[in-house]
Amino acid sequence: MLFRSGSKVTWVDSENNSITLENGVIVATRGLPRDLMGADTAQVWAAIRAGGGNAQRTHDFLTDQDQISQQLLQCRIVAQGSDTVRRLRQELDSRRFEETCEGDGLQLTNIYWLNRDNLLLRSLQAISPDAGYLQIDVF
């Protein structure tokens with residue numbers, strides 16, 4: 001199922017696991033190991049739209065003791081140039097961006113592919129240290 005609220009979209013599967021994206025960037029999960037309870041990623045999307053730059057993001061994780069732990073991450077978004085996204089026997093032209101983040105013992109790298117209209121085609125994004133990464137294709 002799909003739910004929309006402003007710039008946020010939440011996907012819920014048949015087992016009630018969910019992922020919430022804002023402008024294509026993951027801001028929350030439910031039902032995964034060490035859920036991402038919430039994230040502020042506004043600076044990330046602004047840097048991507050600007051063609052690259054620095055951004056801060058905050059992540060609120062659910063700990064093993066069911067407590068919320070907030071982590072501040074310093075990120076750098078770099079345009080990687082043109083790339084081709086292949087899916088469903090199609091080749092789509094895109095611009096690739098790489099986001100590298102560090103903070104509080106956590107390091108992650110996210111990759112975003114945007115079309116010429118600055119709409120997200122695909123991303124590879126970190127969920128949490130226990131859940132790993134998720135590839136998202138936008139149709």
| OG of S94 to CG of L121: how many Å apart, nearest 0.5 Å? | 6.0 Å
| request: Say whether, by atom type as modelled, one donor and one acceptor occur between the side chain of Q90 and the main chain of V85 under 3.5 angstrom. | output: no
| query | Got a second to check how far N23's CG is from N118's CG, nearest 0.5 Å? | reply | 11.0 Å
| Looking only at heavy atoms, what is the nearest atom pair of R34 and D130, with distance? | CD-OD2, 2.9 Å
| said: Hydrophobic clustering (ILVMFWY, side-chain heavy atoms < 4.5 Å, transitive) - are V9 and V138 grouped together? | reply: yes
| Interatomic spacing from CG in L36 to CZ in F61 - rounded to 0.5 Å | 5.5 Å
| field | Donor-acceptor contact below 3.5 Å, side chain D60 vs main chain S69 | value | no
| message | Nearest 0.5 Å, please: how far is CZ in R122 from CZ in R86? | response | 9.5 Å
| message | Is any side-chain heavy atom of M37 closer than 4.5 Å to one of R30? | response | yes
| Can you tell me if E98 uses its side chain to pair, donor with acceptor, with the backbone of I111 under 3.5 Å? | no
| E99 with R57: basic N within carboxylate O range, under 4.0 Å | yes
| message | Whether the side chain of T29 engages the backbone of L32 through a donor-acceptor N/O pair (distance < 3.5 Å, no angle test) should be reported. | response | no
| query | Is the backbone N or O of A42 less than 3.5 Å from a side-chain atom of D40, with the two atoms forming a donor-acceptor pair by type? | reply | yes
| task | Compare all side-chain heavy atoms of T100 with those of R76 and state whether any distance is below 4.5 angstrom. | result | yes
| S128 versus A131, closest heavy-atom pair with distance | OG-N, 3.1 Å
| task | Test R87 against D137 for salt bridge (Lys or Arg N to Asp or Glu O under 4.0 Å), laying out the working first. | result | CA-CA 9 Å; R87 65 178 188 208; D137 283 293; 3.7 Å; yes
| query | Would a distance-only check, ignoring hydrogens and angles, find a side-chain to backbone donor-acceptor pair under 3.5 Å from E22 to V27? | reply | no
| request: Mark yes or no for whether D117, through its side chain, and L119, through its backbone, hold a donor-acceptor pair below 3.5 Å. | output: no
| request: Applying side-chain contact (heavy atoms from CB on, under 4.5 Å), run through E102 and L73 and close with a yes or a no. | output: CA-CA 5 Å; E102 291 185 20; L73 300 167; 5.9 Å; no
| message | For the residue pair T84 / E91, report whether a side-chain donor-acceptor contact shorter than 3.5 Å exists. | response | no
| Intermediate values then yes/no, side-chain contact (heavy atoms from CB on, under 4.5 Å), D83 and R95 | CA-CA 6 Å; D83 201 358; R95 292 179 302 129; over 6 Å; no
| task | Find out whether W113 and L120 are in side-chain contact, i.e. whether some heavy atom of one side chain is under 4.5 Å from a heavy atom of the other. | result | no
| field | Beyond-backbone contact of Y133 with I127, side-chain heavy atoms, under 4.5 angstrom | value | no
| task | Under the side-chain contact (heavy atoms from CB on, under 4.5 Å) rule, what do F97 and V78 come out as? Steps first, then yes or no, please. | result | CA-CA 6 Å; F97 291 87; V78 176; over 6 Å; no
| Would W11 and L21 count as a side-chain contact (heavy atoms from CB on, under 4.5 Å) if you check the C-alpha gap in whole Å, the side-chain angles of each, and the deciding distance to 0.1 Å? | CA-CA 8 Å; W11 294 91; L21 302 108; 3.6 Å; yes
| said: Within the 4.5 Å heavy-atom criterion, are T20 and F3 side-chain neighbours or not? | reply: no
| query | How far does CG of N110 sit from CD1 of I26, to the nearest 0.5 angstrom? | reply | 7.5 Å
| message | Assigning hydrophobic clusters by single linkage (Ile, Leu, Val, Met, Phe, Trp, Tyr; side-chain heavy-atom cutoff under 4.5 Å), is L2 placed with L134? | response | yes
| task | Could you tell me whether the side chain of N17 and the main chain of D13 form a donor-acceptor pair under 3.5 Å? | result | no
| Could you state the interatomic distance from OG (S123) to CD (Q135), rounded to the nearest 0.5 Å? | 8.0 Å
| query | Where the side chain of T10 meets the backbone of I19, is there a donor-acceptor pair that is under 3.5 Å apart? | reply | no
| task | Kindly say whether L114 contributes a backbone atom to a donor-acceptor pair with the side chain of R96 at under 3.5 angstrom? | result | no
